[in-house]
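Inspection log for the structure reproduced underneath, given as structure tokens.
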Protein chains: 2
Amino acid sequence: MKPAQLTQVIVDKIPSMRKSEAKVANLVLQNPLAMVEKRIVDIAEDADVSEPTVVRFCRAIGCKGFQDFKLSLAQQLAASPSFGQIAVKDSDSTKELSQKVFDSTVDSLLKVRDNLNLKNIDKAIRKLNEAGRVEFYGFGASAAVAADAQHKFFRLRINSVCYSDPHLQNMSASSLGKEDVVIAISQSGRTQALLDSIKLVQKQRGTVIGIAPSFSPVAKQSDIALEIDAEEEFQIFTPLSSRIAQLTIIDTLTIGVAQKKGDDLRDHLKRLQTGLKSLRCNH
Amino acid sequence: MKPAQLTQVIVDKIPSMRKSEAKVANLVLQNPLAMVEKRIVDIAEDADVSEPTVVRFCRAIGCKGFQDFKLSLAQQLAASPSFGQIAVKDSDSTKELSQKVFDSTVDSLLKVRDNLNLKNIDKAIRKLNEAGRVEFYGFGASAAVAADAQHKFFRLRINSVCYSDPHLQNMSASSLGKEDVVIAISQSGRTQALLDSIKLVQKQRGTVIGIAPSFSPVAKQSDIALEIDAEEEFQIFTPLSSRIAQLTIIDTLTIGVAQKKGDDLRDHLKRLQTGLKSLRCNH
DNA sequence: CAAATTCTTGTAAATTTTTTACAAAGTGGA
DNA sequence: TCCACTTTGTAAAAAATTTACAAGAATTTG
């Protein structure tokens, strides 16, 4: 496994820290990269605290000591080099630009990975495996995610459809039963039409798996909430990173279900691939 | 900046090393990962040399001292994780499963990032920025990617559509002109119908940007090829990682074009966001 | 509101770890 | 074999980290 996101751990633990430890934490977050070549005395001086406080800070975030802290931090930064300075400037070259886009995507994937609610993923996989019909609902940017998800579940030989039209959603939702599952996808977690559909599904006693930000109405309303809190590095555009995170969560569900279905499914997929071959160019 | 691959530097310098320094070098190469948590005394003992010899070894390969060596090594190892055993076993728990899915996605993103053809990305951004119409073509799993891409370009106020039906593709392709651009997306790079559409576009003197594996017919036929060679960790399923890589490349193009469009666009996006607010639930 | 308790922080000392200085051992050429 | 030079290890010094403890702040309780 890759090193967990140390910077994320630091952010999470700041509230429970002592005042002077928090000073160190803030210094580190301000410029993680600079820490790597500092000694304990330098950091103590810069943060205006004593050396033992720095050690206490290291222990507080789960490291064995100062060297261990530095090493973990260095490893995280090496894995995603431009952490903390990902904002795209107008002056960036194509090289810098593409690196930033890839790095920020990696960053948010790691962040989401470390905050997964495994219990709910497990529940979701179990439920999907036993489901009658599986429907995917999403609007706007999430419509493409829903379509992608539907395509994957279809390949697993699961009866699945995808609706990104509120009327079709409602009509279909009304026809669901208690063994059916709906996966509701939303970047904002506040789309009113989606909430309406969710309620309709629940009225029919269907199960709703929500993929949305924590504490959002969609997450709260869902029976099983898979929460995603990827900060978007590129604010003004349509969400980029969080959408990739959504897809990856769906991948996890897909593979989880496939694992449960076992060998039986494997044969089916092989046959499917053979079918596709005829559509291909062979030179 | 530090040399990219420390282990490579070590290999290169072994011939010019003293006998006991070479002992250390071999120990390090044998298991680089293990070095990270050792102290100088441990390494000295394991290599059967004295501690100063270890320090001399560190200096010989261009490091400032022992700590510097350890840090550099750790960084290299973190940056290029052993692309090893990610295959999912039937016995995997949900935790292991989701970690593997996320990690393998991260791995392929990093791999693709390091193999990007920047010149072509640059060309593509330039072309897209000047384009009249932009169309996205893709079938199967790539249809969702195309839909997602269309959605993003639409937000950039670029005249864009998406077709995942061969007839519509052909009809539309025939109506394109030389200032128009088509982005053709394919996981396999060998879909015959897509190749046909590409040829039609080129007959009309339109530009085709292909997102497909290296050396594939689609890549070869495209005017600007953006090649993606993500190994799929989960063989039997529909492609997972390479699709994420495709999306991220498209993100790069999107941001690149947005950057070129500048402030003008920023206002437009703000207005768009305000428009969407009315569709949201506010509690 | 003050006394007592607990929690936080820094000082100084101890320990660990790394680095340097130097001397011993080895190597090769005359 | 002897001399000059290189290589390597020992031991001491220096540097860096960690611990122990006490002073001071904050908080609770009578």
Side-chain angles (χ1 to χ4, degrees), chain A residues 3 6 9-77, chain B residues 2 6 9-10 12-76:
Chain A
L6 192 60
V9 175
I10 298 176
V11 173
D12 293 345
K13 297 225 167 161
I14 284 187
S16 65
M17 278 184 191
R18 291 144 191 170
K19 225 184 301 162
S20 53
E21 280 167 29
K23 274 197 215 170
V24 180
N26 286 318
L27 183 77
V28 172
L29 291 175
Q30 206 181 292
N31 187 0
L33 202 59
M35 296 305 120
V36 177
E37 45 197 22
K38 282 183 198 275
R39 300 163 308 159
I40 207 166
V41 279
D42 303 323
I43 295 181
E45 189 174 352
D46 291 358
D48 201 28
V49 297
S50 68
E51 288 140 52
T53 300
V54 178
V55 177
R56 283 182 206 117
F57 159 80
C58 298
R59 301 254 160 90
I61 59 172
C63 293
K64 258 182 62 189
F66 179 70
Q67 289 297 344
D68 187 40
F69 157 73
K70 249 174 57 169
L71 220 60
S72 306
L73 191 67
Q75 284 175 321
Q76 176 189 334
L77 296 173
Chain B
K2 293 211 192 315
L6 191 60
V9 175
I10 298 176
D12 294 345
K13 295 221 169 165
I14 284 187
S16 65
M17 277 184 192
R18 291 144 192 170
K19 226 184 300 163
S20 55
E21 280 168 29
K23 275 198 215 170
V24 180
N26 286 318
L27 182 77
V28 172
L29 292 175
Q30 207 182 290
N31 187 2
L33 202 60
M35 296 305 119
V36 177
E37 45 197 21
K38 283 185 196 275
R39 304 162 305 159
I40 208 166
V41 280
D42 303 321
I43 295 181
E45 188 174 351
D46 291 357
D48 201 29
V49 298
S50 67
E51 288 139 52
T53 300
V54 178
V55 177
R56 285 182 205 116
F57 158 79
C58 297
R59 303 252 159 89
I61 59 171
C63 293
K64 258 181 63 191
F66 179 69
Q67 287 299 342
D68 187 40
F69 157 72
K70 249 173 56 169
L71 220 61
S72 305
L73 191 67
Q75 284 175 320
Q76 176 191 333

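To find a chain, count down the sequence lines: A is the first, B the second, and so on, and within it residues start at 1.
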Touch class at under 4.0 angstrom, heavy-atom based, for B:Q67 against every strand present: sugar-phosphate
Check: B:R59 side chain, B:K64 main-chain N or O, donor-acceptor pair, under 3.5 Å: yes
Side chains of A:L6 and A:V28 in contact at under 4.5 Å (non-hydrogen atoms): no
How many Å lie between [atom1] on [X] and [atom2] on [N], as a whole number?
| X | N | atom1 | atom2 | answer |
| --- | --- | --- | --- | --- |
| A:I40 | D:dT19 | CD1 | P | 10 Å |
| B:E21 | D:dT8 | CD | P | 7 Å |
| B:K64 | C:dT19 | NZ | P | 10 Å |
| B:D68 | C:dT18 | CG | P | 13 Å |
| B:F69 | C:dT17 | CZ | C1' | 16 Å |
| B:F66 | D:dT17 | CZ | P | 14 Å |
| B:D42 | C:dT16 | CG | P | 14 Å |
| A:F57 | C:dT8 | CZ | P | 16 Å |

Earlier contact from the 5' end, DNA chain C, for B:R56 and B:K70: B:K70
Does [X] put a side-chain nitrogen or oxygen below 4.0 Å from OP1 or OP2 of [N]?
| X | N | value |
| --- | --- | --- |
| A:R39 | C:dT18 | no |
| A:S20 | C:dT9 | yes |
| A:T53 | C:dT9 | no |

Residues B:E21, B:T53; criterion side-chain contact (heavy atoms from CB on, under 4.5 Å); working and verdict: CA-CA 6 Å; B:E21 280 168 29; B:T53 300; 4.3 Å; yes
Nucleotide nearest B:R59 when distance is taken to its side chain, options C:dT19, D:dT19, D:dA26: C:dT19
Side chain of B:R18 (C-beta onward), nearest among D:dT17, C:dT19, D:dT8: D:dT8
Check against side-chain contact (heavy atoms from CB on, under 4.5 Å), B:F69 and B:V54: CA-CA 10 Å; B:F69 157 72; B:V54 178; over 6 Å; no
Nearest atoms (heavy-atom pairs only) where A:M35 meets A:L27: CE-O, 3.8 Å
